[in-house]
Amino acid sequence: MKIGVTLSGGFVKGAAHIGFLKALEYKGLSPSYISGSSAGALVGFLYAYGMPLKEMERLGKEISWRKLARPSLKGGFFSLDGLYNLLTDLTGNPDISELKIPFAVTVVNLKTLKLEVKTEGSSADFVTASCSAPPIFSPWRLGNNYYVDGGLRNCLPAEVTKSMGAEINICSNVNFPSREFNPKSLLEVTYRSSLSSVIENQESRLKYCDIVINHKIDSSPFDFSELEKLVDLGFRTTLNQIGEIENWL
């Protein structure tokens with residue numbers, strides 16, 4: 001049976017997707033197709049490229065916002081030049097169509113205001129674009145177009161995974177509002193506000209998910225120091241539902 005996985009956006013909380021994939025590997029399950037948005041696109045791309053999960057964890061522990069983002073006032077507070085450079089250094093920036101596992105990433109084209117699904121083209125460019133959540137990050141320019149976070153229109157592209165040929169679509173989701181909210185910073189308020197549209201556009205895609213693994217996370221979506229804990233949470237949450245997955249196979 002061809003297994004597809006769909007990985008939601010979610011900033012640093014997307015590290016739980018690493019644990020999710022670890023649990024699948026632990027049970028001997030290999031995805032045939034992967035789609036993702038924002039943080040899910042980042043994890044999904046590296047996995048589709050062939051990066052071992054242990055290496056992904058190690059890389060995550062060394063990453064900081066200083067390495068990924070640079071101050072910018074061109075449409076956002078920061079640009080993700082650092083992320084683009086990192087992805088290029090790690091992978092050589094292959095065409096998406098050349099990855100070891102068929103992969104799709106969602107972006108929003110600011111010229112047309114339409115959602116676009118990319119299955120070919122510069123992997124580093126489109127993954128960086130999918131992570132460029134406004135107004136925190138500047139739009140990512142590619143040619144004559146400007147792209148931003150695919151999660152604005154489709155944060156859980158489950159229908160994309162299904163259309164690629166997945167017979168069972170396992171969706172990994174990290175987007176839940178925490179029970180407490182104190183507007184301490186513009187960053188937190190921006191993220192909290194965006195969750196309202198993210199959760200709504202995700203709900204419309206749940207019908208394309210055969211199984212949904214919900215990683216309920218209360219930690220900050222911007223704190224890299226929580227990464228190890230997030231990976232472990234993703235692993236444990238997925239193992240708790242592994243019986244549901246195995247029943248499909």
Side-chain angles (χ1 to χ4, degrees), residues 7-15 17 36-46 59-60 62-90 93 96 105-118 121-157 174-175 177-178 181-202 219-227:
L7 309 177
S8 76
F11 290 91
V12 177
K13 293 194 295 183
H17 298 317
S37 176
S38 197
L42 176 58
V43 172
F45 161 59
L46 292 175
L59 178 66
E62 297 176 357
I63 284 180
S64 67
W65 286 117
R66 287 185 179 182
K67 292 182 179 180
L68 299 181
R70 298 173 182 174
S72 171
L73 293 177
K74 296 180 179 180
F77 298 113
F78 304 94
S79 73
L80 285 176
D81 290 8
L83 175 59
Y84 172 81
N85 292 335
L86 177 65
L87 292 177
T88 300
D89 290 343
L90 289 171
N93 192 17
I96 296 172
V105 54
T106 61
V107 293
V108 173
N109 187 323
L110 282 186
K111 282 195 172 182
T112 63
L113 298 182
K114 291 183 178 180
L115 176 75
E116 296 183 9
V117 177
K118 300 298 183 181
S122 167
S123 54
D125 275 299
F126 285 121
V127 171
T128 301
S130 191
C131 292
S132 297
I136 301 171
F137 302 117
S138 302
W140 191 254
R141 183 175 181 176
L142 185 57
N144 293 321
N145 290 306
Y146 293 86
Y147 296 97
V148 292
D149 188 352
L152 295 175
R153 295 285 301 273
N154 189 347
C155 201
L156 189 70
V174 302
N175 290 309
S178 58
F181 172 62
N182 296 310
K184 297 178 181 179
S185 70
L186 176 61
L187 202 62
E188 293 288 348
V189 172
T190 299
Y191 171 73
R192 184 76 175 191
S193 301
S194 69
L195 265 183
S196 60
S197 61
V198 163
I199 290 174
E200 183 176 7
N201 76 50
Q202 284 193 173
S219 59
S220 168
F222 307 107
D223 188 357
F224 278 107
S225 70
E226 295 286 309
L227 189 137

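Basis for what follows: all heavy atoms, side chains included, without hydrogens, waters or symmetry-related copies.
Although no hydrogens or angles enter the test, the distance criterion places no donor-acceptor pair under 3.5 Å between the side chain of Ser38 and the main chain of Gly40. Between the side chain of Arg153 and the backbone N or O of Leu113 there is at least one donor-acceptor pair closer than 3.5 Å. For the pair His17 (side chain) and Gly44 (backbone), a donor-acceptor distance under 3.5 Å is absent. In this structure a side-chain-to-backbone donor-acceptor pair under 3.5 Å is missing from Asn145 to Asn109.
Using a 4.5 Å heavy-atom threshold, the side chains of Leu195 and Asn175 count as touching. At a threshold of 4.5 Å between non-hydrogen side-chain atoms, the residues Ser220 and Glu226 do not count as touching. By the 4.5 Å heavy-atom criterion applied to side chains, Val105 and Val117 are not counted as neighbours.
Separation of the Phe126 and Tyr147 ring centroids falls under the 6.0 Å cut-off.
Taking OG of Ser79 as the start and CZ of Arg141 as the end, the distance is 14.0 Å to the nearest 0.5 Å. Note that CD1 of Ile136 is 12.0 Å distant from SG of Cys131, once rounded to the nearest 0.5 Å. From Leu46, atom CG reaches atom CG of Leu87 across 6.0 Å, with rounding to the nearest 0.5 Å.
For the residue pair Leu7 and Leu156, the shortest heavy atom distance occurs at C-CD1, 4.4 Å. For the pair Val107 and Ala129, the tightest heavy-atom approach, listed with the atom from each and the gap, is CG1-CB, 3.9 Å. Smallest separation of non-hydrogen atoms from Val148 and Pro134: CB-CD, 4.1 Å. Smallest separation of non-hydrogen atoms from Gly14 and Val174: N-CG2, 4.3 Å. What you find for Leu80 and Ala69 is that their closest heavy atoms are CD2-CB, 4.2 Å. Closest non-hydrogen pair, Asn201 versus Gly151, comes out as ND2-O, 3.0 Å.
Residue pairs meeting the side-chain hydrogen bond (donor to acceptor under 3.5 Å, both in side chains) criterion with at least one partner in residues 64-73, sequence neighbours excluded, are Ser72-Ser138. Listed by first and then second residue, the side-chain hydrogen bond (donor to acceptor under 3.5 Å, both in side chains) pairs involving residues 125-137 are Ser122-Asp125, Asp125-Trp140 (not counting sequence neighbours).
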Next on the checklist: Walk me through whether Leu68 and Phe224 qualify under side-chain contact (heavy atoms from CB on, under 4.5 Å).
Outcome noted: CA-CA 12 Å; Leu68 299 181; Phe224 278 107; 3.8 Å; yes
Checklist entry - side-chain contact (heavy atoms from CB on, under 4.5 Å) between Asn154 and Ser37: does it pass, once the steps are laid out? => result CA-CA 7 Å; Asn154 189 347; Ser37 176; over 6 Å; no
Item to check | Verdict with reasoning, Phe11 to Phe222, per ring-ring contact (aromatic ring centres under 6.0 Å, His included) | outcome: CA-CA 7 Å; Phe11 290 91; Phe222 307 107; 5.0 Å; yes
Item to check | Pair Asp149-Val108, side-chain contact (heavy atoms from CB on, under 4.5 Å): steps then yes or no | outcome: CA-CA 6 Å; Asp149 188 352; Val108 173; over 6 Å; no
Item to check | Intermediate values then yes/no, side-chain contact (heavy atoms from CB on, under 4.5 Å), Ile63 and Leu86 | outcome: CA-CA 10 Å; Ile63 284 180; Leu86 177 65; 4.0 Å; yes
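For Lys118 and Glu116, the salt-bridge test passes: some basic side-chain N is under 4.0 Å from an acidic carboxylate O.
Shown here is Lys111, whose NZ atom has more than 12 heavy atoms of other residues, nucleotides or ligands within 6.0 Å. At most 12 non-hydrogen atoms from other residues, nucleotides or ligands lie less than 6.0 angstrom from OH of Tyr146.
With sequence neighbours excluded, no residue forms a side chain to side chain donor-acceptor pair (under 3.5 Å) with Glu200.
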